[in-house]
Amino acid sequence: MKRLEQVQGWLSRVQDVETEAKKLKQEGRQEFGQLCVGRFCSKNCNRSYKFGKRVFKTLRIVENLRSEGDFKEVAQTVPETPVDERPITPAIVGLESTFDKVWRCLTEEQAGIIAIYGMGGVGKTTLLTLINNKFLDFPNNFDVVIWAVVSKDLELEKIQESIAKKIVGLPPPTTRSASKVVFTTREFDVSGSMKAHKSFKVECLRYQDAWRLFEETVGKEILDSHPNIPELAETVAKECGGLPLALIVVGRAMACKKKPQEWEHAIEVLRRSASKFSGIDRWVYSRLKLSYDFLPSDTIRFCLLYCCLFPEDYRIKIEDLIDYWICEGVLDEYDGIGALNQGYSIIGTLTHACLLEEEEEENSVKMHDVIRDMTLWIASTTDHEKENFLALAGVGLTEAPSIEKWKDVKRMSLMNNKIQNLSKSPICPRLRTLFLSRCGLNIVESDFFQSMTSLRVLDVSHNFWDLSFQFSDLVSLQHLDLSSCYITRLPEELKYLVNLRCLKFEDTYHLRRIPPEVISNLKMLRVLRMFSCGFLIQEEDSILSGDSELLVEELLCLKQLNVLTIDLQSLLALQRFLSSPVLQSSTRCLCLRNLENSKSLDVSFLASLRHLERYHLWNCGDLEELKIEYTGEVKNIRVTHGFHSLCHVTINSCSRLSHMTWLIFAPNLKYIKIENCKNMEEIIKLDEVPAEAMEDPVPFARLQFLHLQFLRKLKSIYSNPLPFPHLKEMSVSQCPELRKLPLDCNRGSERKFTIKGEGLWWEKLQWDDQATQSAFLPCFKDMDRSTEFE
């Protein structure tokens, strides 16, 4: 709840009079000391008269406030945005009847737990998404709507976390309580075990709806391209059995087929697959397999199968996936930007075919659980024995598979399990890819990898163990990921991995040492990610600390480098770094930290790093300004200082910086985090910038997240209201002098983002008018109440 405005106003006046009373008490001691003649007379009568008048006035105010403070109501319920809108596929047909039944049950009937069940791909998640989004524009009595994804590898902590982020507690849903739970499942038996009060089955589409969905997916141009195609298309649609996922995936596969012979071939393939396999799941997979068979090349088919190595509902970073494909040797363009572009082209083909779902904001893809089941089925069939995938990701293993199962495997994934020890050394000379990330590994025998002479891709990231195995056995290794491991040193044997193309050890905070000549000896490196390594350690004889210059000298030996993320700790190292065109063009993330004896830093150099996406500045206590020198014609400033790739900036523990005006030259910023800068007074100081030098008159046009913390002197973010069209979250903590936010009233009416902060800070904010304050009130989330769950 929120205090009523008249109550808040009364409390503010009380606070003011309390402050005045404290002053009067302090001054009263001085006045008492000025008394003479037995304490009956003042040495300065005029001053004593004025002091007494102030006391009298204050007492009267106190009496008035006491009489005014008798409120019948002191607070009102705060309207909140109850639900987060979820993206949904535009082609939605045949769910109207079931939707109406479930919606009535949710809003009218006494049912606390509701089950939606049906076969995989029938539209259960789509139906639930429609219900979720309905709460956005339909009046209802629910305070909050929470969406949680439950994978086969059940992790209760993740579900609890998603709930805790939205509310403080969850009342048990009963037929008499206002709380409700709706869940989806493939199995009707789950409805019983979950004690559902009402269950609804999502059926396959009737023929009319099925044909409408298929027709929309294929497109009118294709259906009209030959007089025989419509009849053949109806046959293909019937073969999909009314299953929406199959209709969409097969429809996409046929959306470029303009010859009747191609449609006849599709019918033949579908019927042959249906007769070959039995069981409902196999029938579904055989329908979907048509889209797999119709992919343009074996390379693209392999790339799809490779995605089944990741757990269900896993967000796969696109650039990581492309790195794996490159090091597997499946892309034609092996080096440079050509391979990256080819990888993105393959991703585009798979997403267009609805075999992968792209999440643009996170630059990642994921696979529908039914599509993943299909790829696992394909990968396990005899036709693909030459590839021989073993995907056991996220299935709750506590031990590695028996040695016998390793013998003929070429690609194995054990990621997201609970395997702490790898003690027995398997014989697997054909193994090319091995995923062991997030397994909780503590102990790995030194000879575990000795027979893996064909291994090209090894991911052991996010584990607790320090490296102890023999790297010299991995003679074919091209991709090694050690990120977020608890390692204290890089093994010197790494320098013998001369075929290594991709090395990652980001976020290895406890790394103490990189032995000399390890990095410089890896001449074939294309990708080197070492952002935030050794962050918690300072070691005099390590090239991670005082000798950043030595690290740069080693990097200068890497002539094939395409991608680099790095921390530097001296201006000399930075200057040497900027002398290399290869390092400039390959840098994606740069952190400058612990810079000493530097009062000013010209950030114009960032413009020369044309692919720079992330820039961090940490613990530079001597820096007083980050500046851009304006030289030459103003029109050239835009070209020279436009940081167009930069999207993520973090500034931390730079105690003398007073503003961050240079950010105005980064038009594509998505994330800004500024912390522990005790002299920061303004984020953007407009009088530091000539108006004609601004490329975009409206800064922060693409900003999604703004986090400000422990900025005790901060008074302004920006002097004028801004629309913030893409803002998702603004977080303000321990910024007591920030009394006004640059918010546009029209933007607040949409209520699409969250403002996090302390309740007392929010109450003291100043607004242009009551309408603006009311518009943004639903956006506020009190940090004091939610801290324990963050």
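We're numbering straight along the sequence, starting at 1. On a predicted model such as this, the values are computed, not experimentally measured, just so you know.
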Using a 6.0 Å cut-off, check whether atom [atom1] of [X] has over 12 heavy atoms from anything other than its own residue.
X    : atom1 : answer
F464 : CZ    : no
F183 : CZ    : yes
Y671 : OH    : yes

Does [X] reach the side chain of [Y], with side-chain heavy atoms less than 4.5 Å apart?
X    : Y    : value
L436 : L422 : yes
H644 : P667 : yes
E493 : L474 : no
L490 : L482 : yes
Y344 : L340 : yes
E675 : T650 : no
L494 : F505 : no
E729 : H707 : yes

> With sequence neighbours excluded, what pairs up with F531 under the ring pair (Phe, Tyr, Trp, His ring centres under 6.0 Å) test?
Replying inline: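 For F531 the ring pair (Phe, Tyr, Trp, His ring centres under 6.0 Å) partners, ignoring immediate neighbours, are H616.
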
> So W662 and Y615, would you call those rings parallel, tilted or perpendicular, with 30° and 60° as cut-offs?
Replying inline: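 Perpendicular, since the angle between the ring planes exceeds 60°.
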
> Angle class for the F302/F389 ring planes (parallel below 30°, perpendicular above 60°, tilted otherwise)?
Replying inline: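 Tilted, since the angle between the ring planes falls between 30° and 60°.
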
Could you check whether any side-chain N or O of [X] sits under 3.5 Å from a backbone N or O of [Y], counting only pairs where one atom can act as donor and the other as acceptor?
X    : Y    : answer
N417 : V395 : yes
S645 : R610 : yes
R301 : L295 : yes
R489 : P515 : no
D293 : S291 : no
T565 : C589 : no

>> If you apply the rule side chain to side chain contact (heavy atoms under 4.5 Å, CB included), what do you find for L331 with I346, and how did you get there?
In response: CA-CA 10 Å; L331 300 186; I346 290 172; 3.6 Å; yes

>> Do Y324 and D459 pair up side chain to side chain, a donor and an acceptor below 3.5 Å, judged on atom types alone?
In response: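 Yes, D459 and Y324 have a side-chain donor paired with an acceptor closer than 3.5 Å.
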
> Side-chain donor-acceptor pair under 3.5 Å between H462 and R438, yes or no?
Replying inline: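 Yes, R438 and H462 have a side-chain donor paired with an acceptor closer than 3.5 Å.
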
>> Using side chain to side chain contact (heavy atoms under 4.5 Å, CB included), reason through N668 and L646 one step at a time and then give a plain yes or no.
In response: CA-CA 6 Å; N668 296 313; L646 191 61; over 6 Å; no

Taking atom [atom1] of [X] and atom [atom2] of [Y], what is their separation to the nearest 0.5 Å?
X    : Y    : atom1 : atom2 : value
N594 : L568 : CG    : CG    : 11.5 Å
N416 : L392 : CG    : CG    : 12.5 Å
I300 : W325 : CD1   : CH2   : 9.0 Å
E85  : T129 : CD    : OG1   : 11.0 Å
L350 : S345 : CG    : OG    : 9.5 Å
C647 : L612 : SG    : CG    : 8.5 Å

Shortest non-hydrogen contact from [X] to [Y]?
X    : Y    : value
T587 : L583 : OG1-O, 2.5 Å
I419 : L441 : O-CD2, 2.9 Å
I318 : S364 : CG1-CA, 3.8 Å
T375 : C308 : OG1-CB, 3.2 Å
M530 : D567 : O-OD1, 4.2 Å
D481 : H479 : CB-CE1, 4.1 Å

>> Using the salt bridge (charged side-chain N to carboxylate O under 4.0 Å, His left out) definition, which of the options R526, R501, R456, K504 pairs with D323?
In response: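 Only match with D323 under salt bridge (charged side-chain N to carboxylate O under 4.0 Å, His left out): K504.
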
Taking only residues two or more places apart in sequence or in another chain, which ones pass side chain to side chain contact (heavy atoms under 4.5 Å, CB included) with [X]?
X    : result
C428 : W406, P426, L431, S451, M452
S476 : none
N132 : V83, R86, V145, W147
L578 : L574, Q584, F605, S608, L609

> In terms of side-chain geometry, is the basic nitrogen of R372 or D369 positioned less than 4.0 Å from the acidic oxygen of its partner?
Replying inline: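 Salt bridge flag = no for D369 with R372.
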
> side chain to side chain contact (heavy atoms under 4.5 Å, CB included) between D473 and Y496: does it pass, once the steps are laid out?
Replying inline: CA-CA 10 Å; D473 297 324; Y496 300 120; over 6 Å; no

>> Set out, in order, the CA-CA distance, both residues' side-chain angles and the distance that settles side chain to side chain contact (heavy atoms under 4.5 Å, CB included) for K523 and C557, then state yes or no.
In response: CA-CA 7 Å; K523 307 292 187 186; C557 299; 3.8 Å; yes

> Can you list the residues that meet the side chain to side chain donor-acceptor pair (under 3.5 Å) rule with E319, with sequence neighbours excluded?
Replying inline: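 Residues passing side chain to side chain donor-acceptor pair (under 3.5 Å) with E319: R529.
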
>> Going by side-chain contact (heavy atoms from CB on, under 4.5 Å), L558 matches just one of L528, N521, V582. Which one?
In response: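 Going through the options one by one, the only one that passes is L528.
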
